[in-house]
Novice: 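Pasting in a structure now, in structure tokens, and then I'll have a few things to ask.
Just so you know, these numbers come straight off a predicted model, no measurement behind them. Here is how names work: the chains are called A, B, and so on, in the same order as the sequence lines, proteins then strands, and each is numbered from 1.
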Amino acid sequence: MEDNAKNKPLEEKKESTNYNPQEVESRWYQYWIEHNLFHSEPDDVNDRGELKEPFTVVIPPPNVTGVLHMGHVLNETIQDILVRRARLEGKNACWVPGTDHASIATEAKVIKRLKEQGINKSDLTREQFLKHAWDWTDEHGGIILKQLRKLGCSCDWERTAFTMDETRSKAVIKVFCDLYKKGLIYKGLRMVNWDPERQTALSDEEVIYHEEHSKFYYLRYKVAEAGVTNPATGADYAVVATTRPETIFGDIAVCINPKEEKNQWLRGKHVIVPGVGREIPIIEDRYVEIGFGTGCLKVTPAHDVNDYALGQKYDLKTIDIFTADAHLNMDTVEEELQANVRKYHGMERFECRKQIVEDLQAMGLVEKVEDYDNKVGYSERTNVPIEPRLSLQWFLKMQHFADIALPPVMNDEIVFYPAKYKNTYKNWLENIKDWCISRQLWWGHRIPAYYDRALLEQTGLEDYPTDKIIVSETAPEGDYVQDEGALDTWFSSWLWPISLFDGIDKPGNKEISYYYPTSDLVTGPDIIFFWVARMIMAGYEYTGKMPFKHVYFTGIVRDKLGRKMSKSLGNSPDPLDLIERYGADGVRMGILLSAPAGNDILYDDSLCEQGRNFCNKIWNCFRMLKGLQRADVDAPMTDREAVTWFTLCLCKAEKEVDDLMKKYRLSEALMAVYKLFTDEFSGWYLEMIKPAYGSPIAQKTYDCSMLFFERMLRLLHPFMPFITEELYHSLREREDGDTIMREDTMEWDSEALLAQDKDGAFQQEIEHLKQVVAGVRNIRAQHNISPREEMTLLSPAPLSELVNKLTHSKVEVGGERPAMVATFIVGTDEYAVPLNQFIDVEAERKKLEADLAHQQGFLRGVEAKLNNEKFMAHAKAEVIDMERKKQHDAHERIAAIEARLKALNG
RNA sequence: GGGCGUUUAGCUCAGCUGGUUUAGAGCAUCUGCCCUACAAGCAGAGGGUCCGCGGUUCGAAUCCGUGAACGCCCACCA
């Protein structure tokens with residue numbers, strides 16, 4: 001993988017001059033913790049005695065049993081950048097960490113582990129099971145938070161919370177009771193998404209639909225009335241097409257569209273469910289789409305949402321033929337039909353599908369089987385096909401919440417980055433459905449609803465009168481039974497920004513008043529409905545305010561082929577391993593480099609490599625500067641020019657980074673710093689001020705350079721916290737406890753500094769100079785002239801001494817042109833370098849002619865505009881002036897090229 | 001079936017309300033270099049019909065229309 005081909009073999013290398021991140025990183029993280037630098041308290045004041053502005057971020061709590069993956073690296077790095085930058089700006093930054101109990105995922109893991117120990121969940125009481133779950137949480141919980149430290153995350157660890165700790169649980173229960181009191185929570189028998197693996201209801205958002213290649217089975221339903229046949233075919237049966245033949249045991253009717261001509265003969269008749277023998281009526285409803293399938297729809301109210309609706313409309317009974325784990329339950333089928341169906345009892349649903357089709361085929365009741373693509377819903381967590389199932393669940397009415405949560409996003413009180421997610425958000429809220437909040441799980445917040453034991457035994461759960469249910473934060477006196485269900489995990493997550501500051505239980509307390517609304521939320525767009533939207537709802541409902549001001553949606557981290565990272569593909573690198581190899585700073589830079597908000601990242605190790613290389617570059621710049629001998633002498637003119645120029649570069653870059661950060665264009669901000677450091681500082685500035693071998697540098701120049709360095713470290717610190725802290729302390733002696741993280745109080749007025757070169761004339765001069773240097777270097781490269789060999793540069797005008805220094809040449813103004821020269825043009829000036837060798841006249845001429853053609857083409861374009869009356873009449877004056885300048889410059893360049901060509905020919 | 005988004009160099013992307021020397025960056029590629037900070041480096045070079053078509057305009061990568069390809073979200077066609 002490593003391309004060492006052109007690298008020097010290791011053994012030949014001099015002593016290593018590479019930056020070693022591992023030692024540095026662990027040392028500084030420990031220092032930060034020891035000095036409590038991440039901790040925040042309300043009403044903190046700065047050195048000037050002013051109250052600091054709060055800047056709050058709450059972490060999207062990772063699953064308590066989770067381990068760090070690349071998605072976390074991206075997400076947490078972005079949060080850390082925002083938080084660290086806020087600290088440098090003098091804000092009181094508070095990043096609150098924590099974990100999520102993730103009820104369904106964690107319960108699954110616990111069950112799996114118990115199974116490995118030979119224990120079945122069903123053998124345990126609720127209390128026993130919860131004991132195991134808590135053990136697991138204590139054991140594995142928080143591993144991920146430790147891993148975040150390796151990444152450099154500056155969370156306020158003293159505030160670490162858990163969605164099921166005491167404060168958070170209290171908030172959840174309180175909110176449930178409150179919403180129940182407000183009439184927004186109700187209990188009802190509804191068709192829900194049932195996960196047969198975990199045996200719990202799921203919300204609509206937890207179902208993921210996949211396109212699937214399946215079969216369309218055409219089944220024959222014999223007409224019960226004797227002698228009635230299809231006039232078109234003579235058949236004495238109706239044909240019903242279905243993708244789920246195993247549900248025919250629950251068929252209650254066959255529905256046709258009253259307008260569909262070809263099925264008119266079935267009106268008012270009855271048919272026999274094939275293989276089952278149940279006689280069911282033909283009903284009519286316009287819901288059935290004309291022209292689709294056979295126009296005959298089997299109605300199975302217990303196992304399909306639409307059929308359920310039809311069942312309600314026509315008052316049909318329901319026969320639920322599945323057990324909770326999606327095996328066939330024939331006990332619900334009528335006694336007189338048992339002989340036909342008993343053999344299917346206890347079969348798994350897909351096995352039964354095969355079997356029933358086989359059996360019906362044997363009976364000649366299958367007309368045909370076609371290939372068919374349809375969508376099947378899968379459980380987000382267990383990845384098992386969900387089963388629509390009628391069950392008693394708790395729901396939250398959502399219209400009210402949609403009404404309060406939509407406007408603030410649409411009018412940008414809460415700003416989404418990127419803004420396109422506003423549409424997604426709007427769409428969901430405008431088609432909101434009630435939220436199924438109960439789960440048939442034990443690991444989670446138990447629903448605070450109580451049933452009178454005596455009454456319950458009398459009525460059973462389904463018929464228990466709703467008005468007799470007691471919803472209360474504490475168990476009522478007397479003989480009551482608590483609801484067995486737990487709440488959807490998101491029913492606690494949606495309170496997170498409030499409950500972290502105990503704002504539900506103690507509204508208006510000091511913490512919530514200070515830290516809330518939080519500043520930025522960083523999360524993936526995949527949980528915009530699950531989490532973001534619902535936090536906004538809870539925020540307005542319980543504080544009257546938005547929960548956060550900005551939402552930054554990250555992309556998905558993919559491999560470089562664009563595939564999602566997954567364990568099975570083995571394309572997901574272990575972040576800790578990457579940190580080991582490239583350093584946390586390197587990994588942070590790598591993951592951020594190609595990550596504009598909302599864009600997927602095609603991750604490749606080479607990105608981290610670039611990050612590591614950059615660290616090394618910074619490290620070596622520092623070594624070079626620090627190693628210079630200093631002397632108390634006047635700085636030469638070249639130093640002063642270099643310092644002035646770089647001051648301007650730095651100020652411009654600071655402004656640019658500031659601007660980009662305000663727009664949350666983090667990768668571009670980092671790139672701006674990267675270019676400032678590698679190109680301008682290291683490539684140009686250091687070469688400009690580097691003293692001759694063995695000579696010292698002027699103290700003044702040295703001090704300025706160190707100042708530049710420190711300012712660049714500050715710019716870079718949010719992105720690369722470790723190396724910047726290390727070098728901050730290496731620049732000069734610092735007091736114990738000092739840190740780069742403190743507010744920037746350096747005397748540095750970038751506006752005033754930039755004003756010194758308001759029209760940019762000086763910067764232009766240096767840019768011109770850089771091009772001249774490049775021109776000379778180019779000639780050296782083309783003619784194989786060693787950088788050590790001194791040359792003469794013939795210039796039309798005097799040039800700064802910097803040119804001599806950077807090109808190792810003597811500049812002569814004007815002067816005679818010898819026969820053998822190489823030339824180049826910068827702007828409209830022609831420069832020449834006399835050569836001690838013959839030049840390839842043909843090659844030179846060809847190049848010049850190509851350039852000439854290009855310039856002439858350019859000129860034609862410009863002149864076409866200037867000769868166009870309409871252009872002259874419509875275009876703005878500045879534009880016309882610009883075109884005139886272009887014309888003038890092009891003429892000059894053409895003249896120079898022609899003169900040179902003439903000299904070459906003559 | 002609706003909605004949204006994307007399409008610019010080999011790759012990943014900038015290019016804001018049309019005009020800034022006939023399109024920029026980083027990476028990758030090629031050539032030449034171990035010169036006393038850095039070969040995890042330095043210097044230089046090459047590379048684009050701005051998805052197609054039509055329109056608006058003096059002027060379009062940029063605005064409008066249309067077609068295509070890809071991606072995402074939502075939706076109960078069995």
Side-chain angles (χ1 to χ4, degrees), chain A residues 4 6-8 12-14 17-19 209 216 240-244 255 287-289 292-294 296-300 304-309 372 374-375 388 418 420-424 426-428 431 525-526 528-529 560 562 586 593-596 598-602 604 606-607 609-610 612-628 663 665 667-668 671 674-675 682-683 686 690 693-694 774 777-778 780-782 784 786-788 827 854-855 857-858 860-862 864-865 868-876 878-880 882-883 885-887 889-890 893:
Chain A
N4 275 326
K6 26 181 223 178
N7 295 359
K8 201 184 323 190
E12 277 181 38
K13 275 190 180 170
K14 298 157 294 190
T17 48
N18 290 344
Y19 171 62
Y209 289 88
F216 216 15
V240 173
T242 179
T243 53
R244 300 206 59 194
C255 191
Y287 164 72
V288 177
E289 191 180 320
F292 184 84
T294 61
C296 297
L297 170 73
K298 73 187 206 63
V299 181
T300 320
D304 185 279
V305 190
N306 305 302
D307 292 12
Y308 181 66
Y372 187 70
N374 67 338
K375 295 217 166 176
K420 66 175 176 183
Y421 287 111
K422 280 166 79 175
N423 291 317
T424 311
K426 180 167 179 252
N427 198 278
W428 188 68
N431 298 289
D526 50 331
I528 185 169
F529 310 135
K560 66 176 167 184
L593 266 181
S594 64
N599 273 35
D600 286 358
I601 298 184
L602 302 192
D604 184 67
S606 68
L607 292 167
E609 224 168 273
Q610 200 186 343
R612 177 198 60 182
N613 294 355
F614 184 40
C615 286
N616 205 41
K617 167 66 84 177
I618 298 167
W619 177 252
N620 279 299
C621 277
F622 170 77
R623 282 181 54 237
M624 184 256 164
L625 262 179
K626 193 75 180 177
L628 290 173
K663 294 175 181 155
R665 301 173 73 145
S667 56
E668 284 173 65
M671 185 49 72
Y674 174 78
K675 281 199 265 188
S682 162
L686 287 182
K690 192 190 271 182
Y693 184 59
R777 285 175 179 164
N778 195 355
R780 280 191 195 274
Q782 275 171 15
N784 268 321
S786 153
R788 269 172 282 187
H854 179 261
Q855 294 297 341
F858 175 71
R860 271 196 301 278
V862 173
K865 283 190 201 176
N868 183 330
E869 280 173 35
K870 284 184 177 170
F871 172 76
M872 297 305 281
H874 290 275
K876 279 183 286 188
E878 305 103 84
V879 175
I880 293 173
M882 180 62 68
E883 293 303 316
K885 171 121 175 47
K886 283 190 204 169
Q887 181 189 33
D889 290 355
R893 267 176 278 136

Novice: Which residues pass the side-chain hydrogen bond (donor to acceptor under 3.5 Å, both in side chains) test with Asn374(A), not counting sequence neighbours?
Specialist: Ser214(A)
Novice: Go through the structure and list residues passing side-chain hydrogen bond (donor to acceptor under 3.5 Å, both in side chains) with Tyr308(A), not counting sequence neighbours.
Specialist: Gln312(A)
Novice: For the NZ atom on Lys560(A), are there more than 12 heavy atoms of other groups (residues, nucleotides or ligands in this structure) within a distance under 6.0 Å?
Specialist: no
Novice: Report the residues that fulfil side-chain hydrogen bond (donor to acceptor under 3.5 Å, both in side chains) with Asp526(A), sequence neighbours left out, ordered by chain and then residue number.
Specialist: none
Novice: Base, backbone or nothing for each nucleotide of nucleotides 21-27 of chain B, written B, S, -, heavy atoms under 4.0 angstrom, 5' to 3'?
Specialist: BB--SSS
Novice: How far, in whole Å, is U31(B) from C73(B) if one measures between their C1' atoms?
Specialist: 49 Å
Novice: Base, backbone or nothing for each nucleotide of nucleotides 72-78 of chain B, written B, S, -, heavy atoms under 4.0 angstrom, 5' to 3'?
Specialist: -SSBBBB
Novice: Looking across every strand, which nucleic acid part, if any, lies under 4.0 Å from Asp604(A) by heavy atom: base, sugar-phosphate, or nothing?
Specialist: nothing
Novice: Expressed in angstrom and rounded to an integer, what is the separation of Leu602(A) atom CG from G71(B) atom C1'?
Specialist: 12 Å
Novice: Quick one: on RNA chain B, does Arg665(A) or Arg623(A) contact a more 5' nucleotide (nearest heavy atom)?
Specialist: Arg665(A)
Novice: Rounded to whole Å, how long is the line connecting atom CG of Asn778(A) with atom P of G32(B)?
Specialist: 15 Å
Novice: Please list, chain by chain and in numerical order, all residues satisfying side-chain hydrogen bond (donor to acceptor under 3.5 Å, both in side chains) with Asn599(A), sequence neighbours excluded.
Specialist: none
Novice: Using a 4.0 Å heavy-atom cut-off, does Ser682(A) contact any base of the nucleic acid, only the sugar-phosphate backbone, or nothing at all?
Specialist: base
Novice: Can you check the Asn620(A) CG to C34(B) C1' distance for me, whole Å?
Specialist: 14 Å
Novice: Report the residues that fulfil salt bridge (charged side-chain N to carboxylate O under 4.0 Å, His left out) with Lys426(A), sequence neighbours left out, ordered by chain and then residue number.
Specialist: Glu430(A)
Novice: Once Watson-Crick and G-U wobble pairs under 3.5 Å are found, how is RNA chain B written in dot-bracket notation, 5' to 3', with | for any base paired to another strand?
Specialist: (((((((..((((.....[....)))).(((((.......))))).....(((((..]....))))))))))))....
Novice: Which part of the nucleic acid, if any, lies within contact of Gln782(A), taking any heavy atom under 4.0 Å across all strands shown: a base, the sugar-phosphate backbone alone, or nothing?
Specialist: nothing
Novice: If you look at every strand shown and take non-hydrogen atoms under 4.0 Å, does Ala873(A) touch a base, only sugar-phosphate, or nothing?
Specialist: nothing
Novice: For a quick test of reading the model: is some side-chain N or O of Asn18(A) closer than 4.0 Å to OP1 or OP2 of C38(B)?
Specialist: no
Novice: OG/Ser606(A) to CZ/Arg612(A) distance, rounded to the nearest 0.5 angstrom?
Specialist: 11.0 Å
Novice: Round to the nearest Å and state the distance from Leu625(A) atom CG to C38(B) atom P.
Specialist: 14 Å
Novice: Tell me every residue that passes ring-ring contact (aromatic ring centres under 6.0 Å, His included) with Phe858(A), counting only those two or more places apart in sequence or in another chain.
Specialist: none
Novice: Could you tell me if Glu609(A) and Asn613(A) have a donor-acceptor pair between their side chains, going purely by distance under 3.5 Å?
Specialist: no
Novice: Test of understanding: with ring-ring contact (aromatic ring centres under 6.0 Å, His included), list the residues that count as partners of Phe216(A), not counting sequence neighbours.
Specialist: Tyr218(A), Tyr372(A)
Novice: Hey, what are the protein-to-nucleotides 56-59 of chain B N/O distances that come in under 3.5 Å?
Specialist:
| unit_1 | atom_1 | unit_2 | atom_2 | d |
| --- | --- | --- | --- | --- |
| C58(B) | O2' | Asn868(A) | ND2 | 2.9 |

Novice: Measure the CG-CG distance between Asp304(A) and Leu297(A) for me, rounded to the nearest 0.5 Å.
Specialist: 8.0 Å
Novice: Using salt bridge (charged side-chain N to carboxylate O under 4.0 Å, His left out) as the criterion, list what pairs up with Glu668(A), not counting sequence neighbours.
Specialist: Arg665(A)
Novice: Could you check if a side-chain atom of Phe871(A) sits within less than 4.5 angstrom of a side-chain atom of Ile880(A), using non-hydrogen atoms only?
Specialist: yes
Novice: Taking only the C1' atom of each, what is the distance from A75(B) to G15(B) in whole angstrom?
Specialist: 37 Å
